[in-house]
Enquirer: 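Below: one structure in structure tokens.
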Amino acid sequence: MSQLANCPNCGQLFVKSVRLICNSCYKKEEEMFETVYVFIREQKNRSATMMEICEATKVPEKAITRFIKEGRLRLADFPNLRYPCEACGNPIRKGKLCGECRGELKESLEHYNREQEFERRKQESRSVKTYFSE
């Protein structure tokens, strides 16, 4: 179902249906993608880093990162292309988090689960009633 919305990029009012941005911003994004794709499609530029691509094409890093996350640019074809980890900003080639941040998150979740289990057992032990008879 279509609805009116403001474009998150430019604030223009548009009918939100399939796209989450207005047509003019969509066209600009497509132009940026085409610029990046034409640049890295050349054999000599396939080993370019994110900064080199940004400098050569004048396309913001955020846009290139979005193209990668959307699957429009496949990193397998570009060995030096990386994007920032969402937690710490270190360069990564897949996923949303680097190995270190994933490890920290896993450790935190395990610690949380241990605490929850401890609290559950503590509550169970309080609910056990012992009766003595003489």
Side-chain angles (χ1 to χ4, degrees):
M1 184 170 165
S2 299
Q3 61 185 25
L4 287 177
N6 288 83
C7 177
N9 294 346
C10 68
Q12 179 181 344
L13 190 64
F14 75 106
V15 177
K16 184 177 176 182
S17 57
V18 177
R19 293 187 200 112
L20 302 176
I21 58 176
C22 69
N23 282 338
S24 61
C25 288
Y26 175 75
K27 287 177 185 175
K28 288 176 189 172
E29 275 201 8
E30 288 303 305
E31 289 171 6
M32 288 191 295
F33 175 76
E34 190 62 30
T35 302
V36 169
Y37 189 71
V38 166
F39 176 77
I40 60 177
R41 192 171 49 194
E42 292 181 31
Q43 186 68 34
K44 65 180 181 179
N45 297 329
R46 288 188 180 247
S47 61
T49 64
M50 179 71 81
M51 295 314 299
E52 292 169 342
I53 295 170
C54 291
E55 289 173 10
T57 63
K58 305 298 185 231
V59 173
E61 183 178 343
K62 270 184 156 178
I64 298 171
T65 300
R66 189 171 49 254
F67 300 148
I68 294 168
K69 289 181 179 180
E70 290 172 352
R72 297 177 76 184
L73 295 176
R74 292 186 4 220
L75 293 184
D77 299 333
F78 312 107
N80 294 330
L81 191 55
R82 289 170 171 70
Y83 57 94
C85 166
E86 289 187 6
C88 68
N90 285 333
I92 57 174
R93 290 191 50 84
K94 66 178 183 175
K96 294 184 177 193
L97 301 173
C98 65
E100 188 175 320
C101 291
R102 271 194 319 268
E104 288 176 12
L105 181 61
K106 183 179 178 184
E107 191 176 303
S108 294
L109 285 171
E110 288 170 352
H111 179 73
Y112 175 78
N113 288 336
R114 285 191 302 269
E115 284 182 351
Q116 292 300 311
E117 181 64 20
F118 177 76
E119 287 298 320
R120 186 185 64 76
R121 287 184 181 178
K122 195 165 132 181
Q123 290 296 330
E124 284 178 359
S125 69
R126 287 182 183 163
S127 65
V128 174
K129 294 184 169 80
T130 308
Y131 296 97
F132 297 98
S133 64
E134 288 185 33

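Everything numeric in this text was worked out from a predicted model, so none of it was measured. Side chains are part of it too, since the values below use all heavy atoms of this structure and drop only hydrogens, waters and symmetry mates.
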Enquirer: Donor-acceptor check, side chain of Asn80 to backbone of Ser47, threshold 3.5 angstrom: yes or no?
Expert: yes
Enquirer: Nearest 0.5 Å, what's the NZ-CZ distance between Lys62 and Phe67?
Expert: 13.5 Å
Enquirer: Just verifying a value: how many Å separate Glu30 CD and Glu34 CD, rounded to the nearest 0.5 Å?
Expert: 8.5 Å
Enquirer: Does a side-chain heavy-atom distance below 4.5 Å link Phe33 with Leu73?
Expert: yes
Enquirer: For the residue pair Lys106 and Glu110, establish whether any side-chain heavy-atom pair is separated by less than 4.5 Å.
Expert: yes
Enquirer: Less than 4.5 Å apart, side chain to side chain, heavy atoms only: is that true for Leu81 and Thr49?
Expert: no
Enquirer: Hey, is Lys69 close enough to Glu86 for a salt bridge, meaning N to O under 4.0 Å?
Expert: yes
Enquirer: Can you name the nearest heavy-atom pair linking Val36 to Ile53, along with the distance?
Expert: CG1-CG2, 4.1 Å
Enquirer: For residues Ile68 and Met50, report the shortest heavy-atom separation together with the two atoms involved.
Expert: CD1-CE, 4.1 Å
Enquirer: Please examine the side chains of Pro60 and Met32, heavy atoms only from C-beta on, and report whether any two atoms are closer than 4.5 Å.
Expert: yes
Enquirer: Has the side chain of Asn45 got a donor or acceptor atom that lies under 3.5 Å from a matching backbone atom of Phe39?
Expert: yes
Enquirer: Quick one: closest heavy-atom pair of Cys88 and Cys101, and the distance?
Expert: SG-SG, 3.6 Å
Enquirer: Can Arg102 and Glu107 be counted as an ion pair, charged N to O under 4.0 angstrom?
Expert: no
Enquirer: Quick one: do Arg121 and Glu117 make a salt bridge, cutoff under 4.0 Å?
Expert: yes
Enquirer: To the nearest 0.5 Å, what is the distance between CZ (Phe78) and CZ (Arg41)?
Expert: 9.5 Å
Enquirer: Can any side-chain N or O of Arg19 pair as donor or acceptor with the backbone N or O of Tyr26 at less than 3.5 Å?
Expert: no
Enquirer: Atom CG in Asn9, atom SG in Cys22: separation rounded to 0.5 Å?
Expert: 7.0 Å
Enquirer: Is the backbone N or O of Tyr37 less than 3.5 Å from a side-chain atom of Arg72, with the two atoms forming a donor-acceptor pair by type?
Expert: no
Enquirer: Once rounded to the nearest 0.5 Å, what's the spacing between atom CG of Leu105 and atom CG of Leu109?
Expert: 4.5 Å
Enquirer: Would you say the side chain of Ile21 lies within less than 4.5 Å of the side chain of Glu29, judging by non-hydrogen atoms?
Expert: yes
Enquirer: Nearest 0.5 Å, please: how far is CD1 in Ile40 from CZ in Arg46?
Expert: 8.0 Å
Enquirer: Should Tyr83 and Ile64 count as side-chain neighbours, where that means a heavy-atom distance under 4.5 Å?
Expert: no
Enquirer: Does the side chain to side chain contact (heavy atoms under 4.5 Å, CB included) test come out yes or no for Leu97 and Ile92, once each step is laid out?
Expert: CA-CA 8 Å; Leu97 301 173; Ile92 57 174; 5.9 Å; no
Enquirer: Specify the closest pair of heavy atoms between Arg93 and Pro79, including all atoms of both residues, with the distance to one decimal.
Expert: NH1-O, 3.1 Å
Enquirer: Heavy atoms, side chains only, cut-off 4.5 Å: are Glu31 and Val59 in contact?
Expert: no
Enquirer: Identify the two heavy atoms, one from Gly11 and one from Asn6, that lie closest to each other, and give their separation to 0.1 Å.
Expert: O-ND2, 2.9 Å
Enquirer: Considering only heavy atoms from C-beta outward, does the side chain of Cys85 approach that of Lys96 to under 4.5 Å?
Expert: no
